[in-house]
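The block underneath contains the structure these notes are about, expressed in structure tokens.
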Amino acid sequence: MAFDAKLAMTDSIAKITLTGSLDASSAPRFKEVIEQAAVQSPTRLVLLMKDLEFLASAGLRVLIFAKQKMGAKVDIYVVGSQGPVLGTLEMSGFHHSVYIQDTYADA
Amino acid sequence: MKPICLPATLDSLDEIGKYVVAATTEAGLDTKAAYGMRLAVDEIATNIITHGYEEAGRSGEINLSGVLSDSSLTMVLEDTGIPFDPRSQAAPDEDDLCLPLEERSIGGLGIFLVLKGVDDFSYEYAEGRNRNILVAKRPLVVNG
């Protein structure tokens with residue numbers, strides 16, 4: 001499935017819905033959306049990943065970029081990730097730095 | 001499986017992924033092993049395209065083949081980019097993996113996922129060609 005990343009800003013929370021396959025060919029698009037979010041100085045980044053079916057290291061590097069670009073105080077939430085994609089996040093140690101949740105309810 | 005030959009560009013990653021999915025399905029790998037192989041091949045192909053060709057100012061092709069035996073699926077990537085052994089990149093260690101993201105280095109994650117994704121990985125360079133060889137064990141079939 002082709003990759004897509006859609007950004008929605010609500011009350012300084014940046015929500016990005018990721019679908020399809022995120023690897024080196026699609027990571028530049030994800031990075032572009034992260035940059036669009038970063039200029040709006042969000043207080044939180046929520047990544048809706050239920051329909052992200054493939055995640056390679058290029059996508060992980062964009063997550064590192066997001067944290068470094070937005071600052072350590074901006075918490076990152078990974079929502080709905082499952083199966084091998086979730087396995088990749090955990091294997092790579094990202095679960096130490098992001099909040100992994102099944103669902104996300106607006107606070 | 002019939003080998004494929006694709007331009008060494010990132011646009012080829014999609015086709016490469018489809019080929020690997022077909023091979024892992026034919027091999028009867030479970031979901032985790034099939035995904036691990038797809039991820040490992042994607043990472044190696046990305047390395048070849050970016051380090052072996054693009055950064056070196058070269059263009060060329062990647063050959064990909066899948067060979068099934070009773071006990072394993074072997075995927076082989078061959079290219080004529082500059083000699084590049086993916087194992088020369090330092091994979092993150094346990095301490096690195098526990099670092100907060102803002103302190104993480106972006107290097108080495110690809111080879112880390114390759115080594116985690118398959119049962120065996122090897123690299124050789126001969127006669128002007130890089131060969132990356134990835135092996136996944138097939139599930140045992142009990143006859144009778």
Side-chain angles (χ1 to χ4, degrees), chain A residues 1-4 19-31 34 38 44-45 47 49 52-78 81-100, chain B residues 6-18 20-21 24 29-51 53-54 86 89 91-117:
Chain A
M1 196 198 327
F3 176 75
D4 195 20
T19 54
S21 175
L22 176 51
D23 62 13
S25 65
S26 48
R29 167 67 187 147
F30 182 31
K31 191 175 177 188
I34 290 289
R44 180 182 290 184
L45 173 63
L47 301 170
M49 290 173 46
L52 188 72
E53 62 182 28
F54 184 76
L55 173 63
S57 65
L60 295 175
R61 282 193 286 276
V62 178
L63 288 183
I64 293 173
F65 169 79
K67 193 74 173 178
Q68 293 173 348
K69 181 91 177 168
M70 293 179 180
K73 287 183 180 168
V74 176
D75 288 330
I76 299 179
Y77 287 72
V78 168
S81 181
Q82 51 198 329
V85 169
L86 177 59
T88 299
L89 285 167
E90 292 177 340
M91 188 194 300
S92 309
F94 279 56
H95 59 300
H96 296 307
S97 296
V98 304
Y99 296 97
I100 294 179
Chain B
L6 295 164
T9 64
L10 293 175
D11 286 343
S12 294
L13 289 177
D14 189 44
E15 251 345 274
I16 289 170
K18 287 177 185 165
V20 179
V21 168
T24 56
L29 300 189
D30 65 25
T31 305
K32 189 179 174 203
Y35 187 92
M37 177 60 92
R38 184 184 167 198
L39 183 55
V41 171
D42 183 280
E43 296 291 349
I44 292 297
T46 298
N47 265 336
I48 292 169
I49 293 162
T50 53
H51 300 307
Y53 285 109
E54 289 182 354
Q89 298 171 302
D93 61 23
E94 282 303 317
D95 289 341
D96 296 325
L97 295 177
C98 292
L99 283 175
L101 287 193
E102 58 272 21
E103 293 174 25
R104 291 276 295 259
S105 159
I106 59 167
L109 273 171
I111 186 63
F112 173 77
L113 295 176
V114 170
L115 297 174
K116 290 282 185 186

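So that the names make sense, note that chain A is the first sequence line, chain B the second, and so on, each numbered from 1. Remember, it's a predicted structure, so these values are computed and weren't measured experimentally.
Between B/Leu10 and B/Ile49, the shortest heavy-atom contact is N-CG2, 3.8 Å. Here the closest non-hydrogen pair linking A/Phe30 and A/Gly59 is CE2-O, 4.1 Å.
Proximity to chain B involves both the backbone and the side chain of A/Phe54, based on heavy atoms less than 4.5 angstrom apart. Both the backbone and the side chain of B/Leu39 come within contact range of chain A, with heavy atoms under 4.5 Å apart. B/Leu99 touches chain A through its backbone: at least one of N, CA, C or O sits under 4.5 Å from a heavy atom, while the side chain does not.
How far CG of A/Leu86 is from CG of A/Leu52: 11.5 Å, rounded to the nearest 0.5 Å.
Looking at A/Leu22 and A/Val62, their side chains never come closer than 4.5 Å, going by heavy atoms from C-beta outward. Residues A/Val78 and A/Phe94 have side chains not in contact (no heavy-atom distance under 4.5 Å, counting atoms from C-beta outward). Between A/Ile34 and A/Met70 the shortest side-chain heavy-atom distance falls below 4.5 Å.
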Between these two chains, chain A and chain B, I want each donor-acceptor atom pair under 3.5 angstrom written on its own line with its distance.
unit_1	atom_1	unit_2	atom_2	d
A/Leu55	N	B/Tyr35	OH	2.9
A/Ser57	N	B/Glu43	OE2	2.6
A/Ser57	OG	B/Glu43	OE1	2.6
A/Ser57	OG	B/Glu43	OE2	3.1
A/Gln68	NE2	B/Glu102	O	3.3
A/Gln68	NE2	B/Arg104	O	3.4
A/Ser92	O	B/Arg104	NH1	3.0
A/Ser92	O	B/Arg104	NH2	2.9
A/Ser97	OG	B/Leu101	N	3.1

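Of the residues considered (A/Gly87, A/Gly93, A/Ala2), A/Gly93 shows the highest number of contacts with chain B, using heavy-atom pairs under 4.5 Å. Among the candidates A/Ile76, A/Leu63, A/Val98, A/Val85, the residue making the largest number of heavy-atom pairs closer than 4.5 Å to chain B is A/Val85.
Every residue two or more places apart in sequence or in another chain that forms a side-chain contact (heavy atoms from CB on, under 4.5 Å) with B/Ala40 is listed here: B/Val114, B/Val118, B/Leu134.
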